[in-house]
Amino acid sequence: METLLVVLLFVNAAFNVIVWPRFYTRVAKDARARDAAGKPTTFLIVHAVLIALALVIALASMIAGVAALTV
């Protein structure tokens with residue numbers, strides 16, 4: 001059972017690291033990402049925060065998975 005949980009933590013980390021940065025590039029290129037003056041809009045800021053949180057969760061999952069393996 002522990003092995004399954006460790007694998008799940010690593011899969012979660014890999015998913016977040018693979019998917020969310022690619023999604024950010026799409027969000028950054030979106031017309032709603034910047035206003036007429038070129039300043040970031042709420043659309044871009046909210047998505048950047050959500051993606052950053054997803055990457056923090058990926059890091060936490062990786063650390064928890066490694067910690068579980070070393071116990």
Side-chain angles (χ1 to χ4, degrees):
M1 186 62 161
E2 274 185 30
T3 305
L4 177 62
L5 295 176
V6 169
V7 169
L8 184 61
L9 287 167
F10 287 143
V11 168
N12 175 60
F15 175 83
N16 282 329
V17 169
I18 292 168
V19 171
W20 293 116
R22 294 182 65 187
F23 180 68
Y24 178 77
T25 59
R26 292 178 58 200
V27 168
K29 291 178 184 175
D30 193 295
R32 299 169 288 178
R34 302 209 177 264
D35 63 12
K39 291 179 61 178
T41 62
T42 305
F43 174 82
L44 179 61
I45 294 168
V46 166
H47 281 86
V49 169
L50 291 173
I51 292 165
L53 287 172
L55 294 175
V56 168
I57 291 169
L59 179 62
S61 293
M62 187 62 73
I63 290 170
V66 170
L69 283 176
T70 59
V71 172

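Values in this document were obtained by computation on a predicted structure and should not be read as measured data.
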Close side-chain approach of L53 to V49, heavy-atom, < 4.5 Å
yes
So which pairs with a foot in residues 46-58 pass side chain to side chain donor-acceptor pair (under 3.5 Å), sequence neighbours left out?
none
Holding to side-chain contact (heavy atoms from CB on, under 4.5 Å), I want the full list of residues that pass it with [X], two or more places apart in sequence or in another chain.
X   : result
V6  : F10, A68, L69
I51 : W20, F23, Y24, L55
V46 : T42, L50
I57 : N12, N16, S61

Distance in Å, K39 NZ paired with I45 CD1, rounded so as to fall on 0.5 Å steps:
8.5 Å
Within this structure, what is the CG-CG distance for the pair L9 and L4, rounded to the nearest 0.5 Å?
10.0 Å
D30: which residues meet the side chain to side chain donor-acceptor pair (under 3.5 Å) condition with it, sequence neighbours left out?
R32
Examine V19 and L44 and state if one hydrophobic cluster contains both, with Ile, Leu, Val, Met, Phe, Trp and Tyr joined whenever side-chain heavy atoms are less than 4.5 Å apart.
yes
